[in-house]
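Written below as structure tokens is the structure these notes are about.
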Amino acid sequence: MSNKIKVKNKIVEIDGDEMARIIWHIIKERLILPYLDIDIEYYDLGIKERDRTDDKITIESAEAIKKHRVGVKCATITPNSARVKEYSLKQQWKSPNGTIRSILDGTVFRKPIIIKNIPPAVRSWTKPIIIGRHAYGDIYKDVEILIEKPGKVELIFKPLDRGDEKTLLVHDFTGNGVILAMHNTEKSIRSFAKSCINYAISEKVDLWFGAKDTISKIYHGYFRDIFNEEIERVSDKFKQAGINYRYLLIDDAVAQVIKSQGGFLWACMNYDGDVMSDMVATGFGSLGLMTSVLVSPDGNYEYEAAHGTVVRHYYEYLKGNPTSTNSIASIFAWTGAIRKRGQLDETPEVVAFADKLEGAVIKTVENGIMTKDLMLIANPPVEKFACTEEFIDAVIETQNQR
Ligand code: NAP
Ligand code: MG
């Protein structure tokens, strides 16, 4: 009889590209499959397979996550024109993450992994700061005009029922200038608020939301009001979980974040999330320590590392040179999915496996064994860095000792 831990329901595995794919397979073969009896539904989103299937495989993988509720994804190439040439692609396929996100209608939460000897840039940050970014609308779906002669710009709303039209003067240009119009929808903002609330309750962390409603009384005020309404609906659950909601002006939020210890979810409007997630990721150390999960309002989860395919390392790998690629965020993508599966299936031994593997990873780094990206920022300093596979082998060793 096998002494592997039985995982009750399926996990959807989404394979990817380049160096991320290389480490992905090592993790799966050495850290996961020897210990878990697990039914994996596999989708290969490597660029060649997306090209061969005219990207249908991406849609199928998202549908599979909807069905089984838990997925784990390797980083994938989002092709630009250089990649179309490099891989002789039929066309410049869309971002798989974008496709999956729009099918699941999800919000992405990025959470850094905290390790004692990898100090954050901000001394007070002792707990993770999780960023939830609203990924629809605002300037990412705007329309813009370059104004090159004098003239008036007006904003007009024409109701479908031919009711009262509204016209506002935006600006009366006497010379050159620029203009943009942007929008958002109640549905999208509400889904975002709900996803953030679900995440905060499930992780038992406070929820912060910042906007500039003093200046943008209608647009930003609309976000603030929808968050307030959704929070009111769950006030009992927040009490039970012992967590709080805090609305702040966005500039105050930035100041409070820097002064804080961390340990909360920061819900950000689209642009704020784009900018702040890079700041927070860098502040916590390395991209190799940043995890990411897509949560849909109806409770489907897709885990991944926040970094890309680490292409420069891949080219070295192809030349047969040693690499030192950090596999921690990819390992945590697997453990995140496994833990969530265990929670949904109510199998504590599966949850415990995820906890134990994460503990072994952290212990390994705390013992001074780490890849080059971490070696450069470790304190106390370490003398040498581990190669890609050496690090994973060291994790296995740590795990077997515990
Ligand atoms: P990237 O793959 O994240 O790499 C950027 C740089 O960050 C690397 O060159 C490396 O720096 C460092 N780095 C990132 N992850 C690391 C790790 N695990 N260990 C050690 N160092 C790490 O981003 P990119 O170069 O912008 O994008 C490469 C490809 O990935 C693109 O085709 C892009 O479309 C794709 N991408 C996919 C996703 C996704 O699927 N979620 C996300 C982002 C990008 P050094 O080279 O200095 O060592
Ligand atoms: Mg950004």
Side-chain angles (χ1 to χ4, degrees), residues 13-27 43-51 55 57-58 61-62 71-87 89 92-101 104 106 108-113 115 118 133 135 273-274 277-278 281-282 284-294 302-319 321-334 336 361 365 369-378 385-392 395:
E13 178 194 357
I14 300 180
D15 209 344
D17 289 299
E18 299 187 321
M19 201 60 203
R21 185 181 179 107
I22 304 294
I23 56 179
W24 193 256
H25 285 260
I26 304 174
I27 293 166
Y43 291 85
D44 186 358
L45 262 58
I47 187 71
K48 288 182 192 145
E49 196 57 17
R50 277 182 277 148
D51 198 52
D55 211 22
I57 187 87
T58 305
S61 72
V72 57
K73 178 179 171 293
C74 176
T76 45
I77 292 170
T78 297
N80 53 20
S81 53
R83 297 298 212 155
V84 170
K85 250 198 183 151
E86 181 181 0
Y87 286 93
L89 305 177
Q92 206 168 307
W93 301 107
K94 281 198 268 182
S95 151
N97 284 21
T99 303
I100 295 170
R101 195 164 59 215
L104 293 179
V108 174
F109 297 96
R110 291 176 89 182
K111 178 182 177 186
I113 298 158
I115 307 179
I118 310 297
R133 173 180 170 191
D274 187 349
S277 61
D278 284 9
T282 312
F284 274 105
S286 160
L287 255 182
L289 292 181
M290 186 58 81
T291 63
S292 167
V293 56
L294 175 69
E302 183 212 44
Y303 292 82
E304 64 171 340
H307 62 74
T309 63
V310 212
V311 53
R312 197 186 59 77
H313 297 208
Y314 183 59
Y315 295 149
E316 291 304 313
Y317 169 86
L318 289 180
K319 285 188 237 160
N321 293 334
T323 55
S324 183
T325 310
N326 189 343
S327 51
I328 295 179
S330 299
I331 298 172
F332 274 62
W334 276 99
V361 169
V365 178
I369 303 171
M370 62 191 76
T371 45
K372 191 174 177 185
D373 55 318
L374 298 185
M375 185 197 83
L376 298 172
I377 52 173
F385 61 82
C387 295
T388 306
E389 294 200 35
E390 271 170 11
F391 177 76
I392 294 172
V395 171

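Counting convention: from 1, in listed order, for ligands and their atoms alike. Any value given below was found using the heavy atoms of this structure, including those in side chains, with hydrogens, waters and symmetry copies removed. All residue numbers in this chain count up from 1 along the given sequence.
- Side chain of Thr388 to backbone of Thr323: a donor-acceptor contact under 3.5 angstrom is found.
- Side-chain atoms of Asp51 do not come within 3.5 Å of backbone N or O of Leu89 as any donor-acceptor pair.
- A donor-acceptor pair under 3.5 Å is absent between the side-chain atoms of Arg101 and the main chain of Gly106, judged by distance alone.
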Pairs of nitrogen or oxygen atoms, one from ligand 1 and one from the protein, closer than 3.5 Å: please tabulate them with distances.
residue, atom, partner, partner atom, Å
ligand 1, 2 (O), Gly308, N, 3.4
ligand 1, 2 (O), Thr309, N, 3.2
ligand 1, 2 (O), Val310, N, 2.8
ligand 1, 3 (O), Gly308, N, 2.7
ligand 1, 18 (N), His307, NE2, 3.3
ligand 1, 18 (N), Asn326, O, 2.8
ligand 1, 19 (N), Asn326, N, 2.9
ligand 1, 30 (O), Thr309, N, 3.0
ligand 1, 30 (O), Thr309, OG1, 3.3
ligand 1, 32 (O), Arg83, NH2, 3.0
ligand 1, 34 (O), Thr78, N, 2.9
ligand 1, 40 (O), Lys73, NZ, 3.4
ligand 1, 40 (O), Thr76, N, 2.9
ligand 1, 40 (O), Thr76, O, 3.4
ligand 1, 40 (O), Thr76, OG1, 3.4
ligand 1, 41 (N), Asn97, ND2, 3.1
ligand 1, 41 (N), Glu304, OE1, 3.3
ligand 1, 46 (O), Arg312, NE, 2.5
ligand 1, 46 (O), Arg312, NH2, 3.2
ligand 1, 48 (O), Arg312, NH2, 2.9
ligand 1, 48 (O), His313, NE2, 2.8

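- Within the 3.5 Å criterion, the main-chain N or O of Leu45 finds a donor-acceptor partner in the side chain of Arg50.
- Counting only distance, with no hydrogens or angles, the side chain of Ser292 and the backbone of Arg110 share no donor-acceptor pair below 3.5 Å.
- With 3.5 Å as the limit, one finds a donor-acceptor pair spanning the side chains of Thr371 and Asp373.
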